[in-house]
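One structure below.
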Protein chains: 2
Amino acid sequence: MGRTSDAKEKIIESAIELISLRSYNAVGVQELCEHSGVKKGSFYHFFPSKRDLTVIALDRMWANFKTGMLDPIYNSESTAREKFQTLLEKSHEYQSADKDYKGCVTGCSIGNLALELSTQDEVIRLKIQEIFKEWTGYFENLIIDSINEGDLPVETDPHSTAQAILAYIEGLSLLGKTYNDPSVTSRLGEGIMQLCITRKKVKKTA
Amino acid sequence: MGRTSDAKEKIIESAIELISLRSYNAVGVQELCEHSGVKKGSFYHFFPSKRDLTVIALDRMWANFKTGMLDPIYNSESTAREKFQTLLEKSHEYQSADKDYKGCVTGCSIGNLALELSTQDEVIRLKIQEIFKEWTGYFENLIIDSINEGDLPVETDPHSTAQAILAYIEGLSLLGKTYNDPSVTSRLGEGIMQLCITRKKVKKTA
DNA sequence: CTCTTAGTTGACCAGTCAGTAAAATAATAA
DNA sequence: TTATTATTTTACTGACTGGTCAACTAAGAG
């Protein structure tokens, strides 16, 4: 079976760390290799291109976000409303930690790549689109739970409400990053609940 | 007085066009020069660095957005509610035009640069922060008008509501760009009105 | 012990990056 | 007309870009 290696893993972790903090184009393959202690030849042994690495890094970021954030919250014993609140609190914690340890609010790594690369790389755009659809699915379930709990009216449209909430969260990340201020998320977070109000289903017209 | 030139202007226009469509790091000085028909030496005669050009381009983008979008809407004869609606419609038009003529939804050029460069270049971050504060100011005035029109309760906090709306609009741009779909803005736009509901002033604690 | 497979290494490529320096050229003001 | 000032042009830097290649090495399987 030949020899084993953790180089691939180290490169993925470095990519997540460096690209999240700066940007795709600001981090070169060379720096990625230095940071992970891997030679450039090994890099291209594991990844056909920087772009391919980025797609895998995106998958990993999303997986980490689900297991570290969405799943625990979704599976917790609380109302949908409380779950959204917990999400906001956790987000604020992460952003504060960023600011404390890295010196700046980095926002949402996935959203960052979305804006930087969507018009440039269709494969990456589609990957992020897929992630956003899954993410919206989580919120949809939460909203459906909320309707069942009697906390939201039955006319509420789970899908469009979920999309609106994702948009709002990404917007808060963008503002928080621009102001380099983690408190943006916590101060404006309650807006999520407002986005749930009176959003009625609209019948699709063929 | 020496000779005159429109090279500076052409470079700024090229910068806005190319960087808005792709990204800061994806567009080089060389390409900027070729696109504007200016030699590299002239580029550095007018701008000390690519970064300095970008700051000026940001100012110009914001000025264009104000004169082409915010000011006409703000000065129009209609209710604040209608003005927000017009803003959404116009945004949708711009995004549709982007998709038709350039092949993709480019989102908000200012927001794009915010996410790409905020952690990398403090001067640019502060410039965009300043723009966002001015932008929020426009929305604040609209919300105050709305309160005076009796359309929103007097307890509404204009400042935080304005910030929430800006976040939401930037979030819609991000989603629209990721889905490469201009209809995101129009479908979810009504959320702006929801963000105005029951947002109460909180007394500042020293 | 050897063959195979997987991973490592370092040298190398052409192209591009932002930015520089100096000479050449217009236009205007005196 | 001449001096001054603003703009243009060309040629150039050194560092870095993503990516390639072939030789080398270590580990497990037969």
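Values below: all heavy atoms of this structure, side chains included; hydrogens, waters and symmetry mates excluded.
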- line: Separation of D:dA6 atom C1' from B:Phe43 atom CZ, nearest Å, is 18 Å
- request: Using atom CZ of B:Phe47 as one end and atom C1' of C:dT20 as the other, report the distance to the nearest whole Å.
  value: 18 Å
- prompt: Taking only side-chain nitrogens and oxygens of B:Ser5, does any of them come within less than 4.0 Å of OP1 or OP2 of D:dT7?
  reply: no
message: Would A:Lys50 pass as a cation-pi partner of A:Tyr24, given that its NZ or CZ must be under 6.0 Å from the six-membered ring centre and within 45 degrees of the axis?
response: yes
task: Assign B:Phe46 to base, sugar-phosphate, or nothing according to its heavy-atom contacts below 4.0 angstrom with the strands shown.
output: sugar-phosphate
task: Between D:dA27, D:dT8, C:dT9, spot the one nearest the side chain of A:Arg3, thanks.
output: D:dA27
task: Indicate the ring-plane relationship of B:Tyr74 and B:Tyr138, choosing parallel, tilted or perpendicular according to the 30° and 60° boundaries.
output: perpendicular
Atom pair distance, as rounded to whole Å: OH in A:Tyr24 and P in D:dT17: 12 Å
- prompt: Given D:dT17, is OP1 or OP2 found less than 4.0 Å from the side-chain N or O atoms of A:Gln30?
  reply: yes
- prompt: Given that A:Lys8 and B:Arg51 both sit by DNA chain C, which one's nearest nucleotide is further toward the 5' end?
  reply: A:Lys8
Earlier contact from the 5' end, DNA chain D, for B:Gly37 and A:Pro48: B:Gly37
- prompt: Tell me: CD of B:Glu31 to P of C:dA18, nearest whole Å?
  reply: 10 Å
field: N-O pairing of B:Glu130 and B:Lys133 below 4.0 Å
entry: no
- prompt: Out of D:dG19, D:dT8, C:dG19, which nucleotide sits closest to the side chain of A:Ser49?
  reply: D:dG19
- prompt: Starting at CG of A:Asp6 and ending at P of C:dG7, how long is that distance when rounded to a whole Å?
  reply: 11 Å
task: Quickly work out the B:His45 NE2 to C:dT25 C1' distance and round it to whole Å.
output: 13 Å
statement: To the nearest angstrom, the CD1-P distance between B:Ile11 and C:dG19 comes to 13 Å
field: Gap between atoms NZ and C1', on B:Lys40 and C:dG19 respectively (whole Å)
entry: 7 Å
task: Can you figure out which of D:dG18, D:dT10, C:dA27 approaches the side chain of A:Lys50 most closely?
output: D:dG18
- prompt: Among D:dT25, D:dG18, D:dA6, which is the nearest nucleotide to the side chain of A:Val29?
  reply: D:dG18
- prompt: Quick one: which of C:dT8, D:dT9, C:dG10 gets closest to the side chain of A:Lys39?
  reply: C:dG10
query: Within the structure shown, what part of the strands sits under 4.0 Å from B:Gly28 by heavy-atom distance: base, sugar-phosphate, or nothing?
result: sugar-phosphate
task: Respond yes when some side-chain nitrogen or oxygen of A:Tyr44 is under 4.0 Å from OP1 or OP2 of D:dG19, and no when none is.
output: yes
query: Between B:Arg60 and B:Glu9, is the closest basic N to carboxylate O distance under 4.0 Å?
result: yes
query: Between B:Glu13 and B:Lys10, is there a side-chain N and carboxylate O pair less than 4.0 Å apart?
result: no
